Trainee: 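Sharing a structure here in structure tokens format.
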Amino acid sequence: MNCRGEDVRLGLCCIFQDEPISFRKTTAKSAKGRDLGAQMRMYQEIADHNADSLGEAIQYCAHHSIGSFRVNSQILPLCTHPELGYEPTAIGGDTIERFRAVGRLAKAHDIRLTFHPDQFVVLSTPHTKVLSSSLKEIEYHAEVASWIGADVINIHAGGGYGDKPAALARFVRAWGRLSERARALVTIENDDRVFTPADLLPMCRDLQIPLVYDVHHHRCLNDGTSVEQVTDWAMDTWNREPLFHVSSPKEGWHGKQPSRHHDFIHMRDYPRFWEGLHCTVEVEAKAKEVAIKKLQEALRARRRRPQQKGT
DNA sequence: AGCGGTCAAGTTGAT
DNA sequence: ATCAACTTGACCGCT
């Protein structure tokens, strides 16, 4: 039981729908038109804004019983850009101290912070260029995570390239090239196209990489295992609070692309037996904080009702 | 001020 | 062959 009086910690992903809390970014094209000094000033200004916004996001979560917030990877603009990139620690002024203060705020309110680097991080890639940029990207996340106290950098296994065992072997090798600090934060999530929980669990156990179990992806790409079974197995891979993902299909399970996310979470898709688990559930719904509010209400209502048939 | 096109990056599968 | 989808639309430059 955590401080919110509930067992499950719900997580908000990156942005808000209605609440006026926003994060800024810029484009390489815009930055290139300035001299180096002006570029760094712009990056710092955006980073300061984003640190402040992250603080507001944490406050919002604390006041709305949301226990976790996923931080956008672009929180330091263009930091890992191949031409314009810079060391996170090179950002000037009191920006880093601002982020550290935000980290203390999150800790004080028991708001868990996570990262989910985007699709360009591919540790299973056979291409050395893609691999080096992926490693760099993860190390960047690890640095910022150390400022704010994030305890998860969640990635997918990457492409399968027609030979999943070979791809996973490359993943293992790449993972070994990360710093110890980064490895301690990296988690791996089952996806909806290539790697199922059954594909990933052996590697997760071998290397002690926690599995972020995405039940929606599992339902899109099934491997013969049950939601109950994978939940148990995934829980066992964690040396800290387990993290799961939930979402609902935009056009229903019989629509043409069930992988697309709905604005809200349908209770049918939220496993009943997750209630009462000590874990974080990130809510991947387009309506963001509005979807979480609805989900909280639906979970409360369901808890009051006697057990019904089905999940 | 409003609006449409653009944005750093990888891989897959739908069309 | 092209393009949308993915953890997320925001930003820029034109009219």
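Quick note on labels: first sequence line is chain A, next is B, and so on, each numbered from 1. On a predicted model such as this, the values are computed, not experimentally measured, just so you know.
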Trainee: Determine, using the 4.5 Å side-chain heavy-atom cutoff (strictly less than), whether A/Phe69 and A/Val246 are members of one ILVMFWY cluster.
Mentor: yes
Trainee: Write down the distance separating the P atoms in B/dT6 and C/dT8, rounded off to the nearest Å.
Mentor: 23 Å
Trainee: Determine: side-chain N/O of A/Ser73 to OP1/OP2 of C/dT8, distance under 4.0 Å, yes or no.
Mentor: no
Trainee: Using the six-membered ring wherever Trp is involved, compare the ring planes of A/Tyr60 and A/Phe16 and label them parallel, tilted or perpendicular (cut-offs 30° and 60°).
Mentor: perpendicular
Trainee: Identify which nucleotide among B/dA8, C/dG9, B/dT11 has an atom closest to any side-chain atom of A/Pro126, counting heavy atoms from C-beta outward.
Mentor: B/dT11
Trainee: Figure out the CD/P separation between A/Glu137 and C/dC6, and round it to whole Å.
Mentor: 20 Å
Trainee: If you check every side-chain atom of A/Arg193, which of B/dG10, B/dA8, B/dT12 has the closest atom?
Mentor: B/dT12
Trainee: How many whole angstroms separate atom NZ of A/Lys25 from atom C1' of C/dT8?
Mentor: 7 Å
Trainee: When we call it a touch if two heavy atoms are under 4.0 Å apart, what does A/Ser134 touch: a base, just sugar-phosphate, or nothing?
Mentor: nothing
Trainee: Think A/His217 has a side-chain N or O under 4.0 angstrom from the OP1 or OP2 of C/dT7?
Mentor: yes
Trainee: Write down the distance separating the C1' atoms in B/dC7 and C/dC3, rounded off to the nearest Å.
Mentor: 16 Å
Trainee: Please give the distance between the P atoms of C/dG9 and B/dT11 as a whole number of Å.
Mentor: 24 Å
Trainee: What is the nucleic acid contact for A/His245, judged by heavy atoms within less than 4.0 Å: base, sugar-phosphate only, or nothing?
Mentor: nothing
Trainee: Considering only the C1' atoms, how many Å lie between C/dC11 and B/dG10, rounded to the nearest integer?
Mentor: 23 Å
Trainee: Mind checking if A/Thr80 touches a base, just sugar-phosphate, or nothing, with heavy atoms under 4.0 Å?
Mentor: base
Trainee: Report which part of the nucleic acid A/Gln74 touches: base, sugar-phosphate, or nothing (heavy-atom distance under 4.0 Å, all strands).
Mentor: base
Trainee: Any salt bridge between A/Glu19 and A/Lys293, counting N to O under 4.0 Å?
Mentor: no
Trainee: What does A/Phe115 touch in the nucleic acid at a heavy-atom separation under 4.0 angstrom: a base, only the sugar-phosphate, or nothing?
Mentor: nothing
Trainee: Checking side chain to side chain donor-acceptor pair (under 3.5 Å) against A/His218, which of A/Thr196, A/Asn190, A/Thr225 comes through?
Mentor: A/Thr225
Trainee: Work out which heavy atom in A/Pro242 is nearest to a heavy atom in A/Arg112; give both atom names and the distance.
Mentor: O-NH1, 3.6 Å
Trainee: Please determine whether a side-chain nitrogen or oxygen atom of A/Lys136 lies at a distance below 4.0 Å from atom OP1 or OP2 of B/dA8.
Mentor: no
Trainee: Contact class for A/Glu284 (heavy atom, under 4.0 Å): base, sugar-phosphate, or nothing?
Mentor: sugar-phosphate
Trainee: Quick test of your reading of the model: are A/Arg181 and A/Glu139 salt-bridged, counting only N-O distances below 4.0 Å?
Mentor: no
Trainee: Atom CZ of A/Phe69 and atom P of C/dT7: how far apart are they, to the nearest Å?
Mentor: 16 Å
Trainee: Go through it in stages, so that I can follow the logic: the residues are A/Thr187 and A/Asn154, the test is side-chain hydrogen bond (donor to acceptor under 3.5 Å, both in side chains), and I'd like the CA-CA distance, side-chain angles, deciding distance and then a yes or no.
Mentor: CA-CA 5 Å; A/Thr187 65; A/Asn154 180 38; 2.9 Å; yes
Trainee: Taking only side-chain nitrogens and oxygens of A/His127, does any of them come within less than 4.0 Å of OP1 or OP2 of B/dT11?
Mentor: yes
Trainee: Does A/His156 make a side-chain N or O approach to OP1 or OP2 of C/dT7 shorter than 4.0 Å?
Mentor: yes
Trainee: Using a heavy-atom cut-off of 4.0 Å across all strands, would you classify A/Gly160 as base, sugar-phosphate, or nothing?
Mentor: sugar-phosphate
Trainee: From the options C/dC6, B/dA8, B/dG10, select the nucleotide whose nearest atom is closest to the side chain of A/Val122.
Mentor: B/dG10
Trainee: So does A/Thr26 get a side-chain nitrogen or oxygen closer than 4.0 Å to the phosphate oxygens (OP1/OP2) of C/dC12?
Mentor: yes
Trainee: At 4.0 Å (heavy atoms only), tell me whether A/Ser133 reaches a base, stays on the sugar-phosphate, or touches nothing.
Mentor: nothing
Trainee: Where are the stems of DNA chain B, defined as at least 3 consecutive Watson-Crick or wobble G-U pairs with both distances under 3.5 Å?
Mentor: B:1-7 with C:9-15, B:10-15 with C:1-6
Trainee: Which atom pair, heavy atoms only, marks the closest approach of A/Glu189 to A/Asp214?
Mentor: OE2-OD2, 2.9 Å
